[in-house]
Amino acid sequence: MVADGRFREDLYYRLSTFPIHLSALRERADDIPVLATALLARMVPQRRLALSGDALSRLGQHAFAGNMRELRNVLERATLLTDGSTIGRDQVELALAVAAAPRASGPIRPGTEPAVSNGQRQQPGQELRDAELAALRAAARGHEGSRAELARRLGISERTLYRKLRDLQHDR
């Protein structure tokens with residue numbers, strides 16, 4: 001990339017003190033179960049979530065272009081969509097579908113205009129907020145306990161849950 005002029009040479013030398021080659025996650029599908037389990041334990045330690053065999057199989061089939069960050073994002077979405085203690089294939093499929101949703105004008109970069117949909121400008125980050133609200137809506141719809149239990153299950157504070165539920169009401 002330095003030779004092509006797509007990466008700063010001085011920055012390359014700062015970062016390449018001790019180069020370590022690590023294959024892309026899509027080339028290491030066998031590592032996904034261990035990585036996903038470790039990520040879940042860090043993200044929501046109070047829930048003790050597990051991935052079903054079908055969910056792990058589906059994650060292993062996905063070509064993770066974003067490597068660990070993409071895997072973490074998919075797992076985070078799946079945890080929001082999961083009611084019990086096991087993340088199933090359906091939750092993983094939905095989490096992957098949200099990530100693959102087509103964008104009107106591609107990724108938003110600094111200095112670019114927000115996406116336009118139906119003649120109205122979409123605010124930066126609106127797609128992520130919409131996905132989060134959809135996941136919250138699905139989690140709340142299937143929950144029969146208290147809001148404190150729902151917040152604990154989602155791995156967020158009650159205050160954050162109340163704010164998000166308020167946003168959900170304004171969205172209607």
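Values below: all heavy atoms of this structure, side chains included; hydrogens, waters and symmetry mates excluded.
- Residues satisfying the salt bridge (charged side-chain N to carboxylate O under 4.0 Å, His left out) criterion with Arg8, sequence neighbours excluded, are Asp10.
- Note on residues 51-64: pairs passing side chain to side chain donor-acceptor pair (under 3.5 Å), not counting sequence neighbours, are Arg58-Glu93, His62-Glu70.
- If you take CG on Leu40 and CZ on Arg72, they are separated by 10.0 Å, rounding to the nearest 0.5 Å.
- The hydrophobic cluster analysis finds Tyr162 isolated: no Ile, Leu, Val, Met, Phe, Trp or Tyr side chain comes under 4.5 Å of it, directly or through other members.
- Scanning both residues, Leu161 and Arg147, for their nearest heavy atoms gives CD2-O, 3.1 Å.
- Applying the salt bridge (charged side-chain N to carboxylate O under 4.0 Å, His left out) criterion to Asp83, with sequence neighbours excluded, gives Arg153.
- We find the OG1-CG distance between Thr79 and Leu75 to be 8.0 Å, quoted to the nearest 0.5 Å.
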Under 3.5 Å, side-chain donor or acceptor atoms of residues 14-21 against the rest of the protein: list the pairs with distances, not counting sequence neighbours.
| residue | atom | partner | partner atom | Å |
| --- | --- | --- | --- | --- |
| Ser16 | OG | Tyr12 | O | 2.9 |
| Thr17 | OG1 | Arg14 | O | 3.4 |

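- The shortest non-hydrogen separation linking Ile32 to Phe64 is CD1-CE1, 3.7 Å.
- For the atom pair CG (Asn73) and CE (Met68), the distance works out to 11.0 Å, reported to the nearest 0.5 Å.
- Under the side-chain contact (heavy atoms from CB on, under 4.5 Å) criterion, Arg69 pairs with no residue at all, not counting sequence neighbours.
- Here the closest non-hydrogen pair linking Ile87 and Ala55 is O-CB, 3.5 Å.
- For the pair Leu35/Leu25, a side-chain contact is recorded, criterion being any heavy-atom separation below 4.5 Å from C-beta on.
- In this structure, CD on Gln91 lies 11.0 Å from CG on Leu80, to the nearest 0.5 angstrom.
- Among all heavy-atom pairs drawn from Ala78 and Ala95, the shortest one is N-CB, 3.8 Å.
- Minimum interatomic distance between Arg26 and Ala63 (heavy atoms only, all atoms of both residues): CB-CA, 3.9 Å.
- Dense packing is recorded around CD of Gln46, with more than 12 heavy atoms of other residues, nucleotides or ligands lying under 6.0 Å away.
- When the shell of 6.0 Å around CD of Glu149 is examined, it contains more than 12 heavy atoms from other residues, nucleotides or ligands.
- Under the 4.5 Å side-chain contact rule for hydrophobic residues, Met1 and Leu11 share a cluster.
- Side chains of Leu81 and Asp90 form no contact here, defined as non-hydrogen atoms less than 4.5 Å apart.
- A single hydrophobic cluster is seen to contain both Tyr13 and Val2, as judged by linkage of ILVMFWY side chains at heavy-atom distances under 4.5 Å, directly or through other members.
- Inter-residue side-chain proximity for Leu49 and Met43 is flagged as unmet; no heavy-atom pair is nearer than 4.5 Å.
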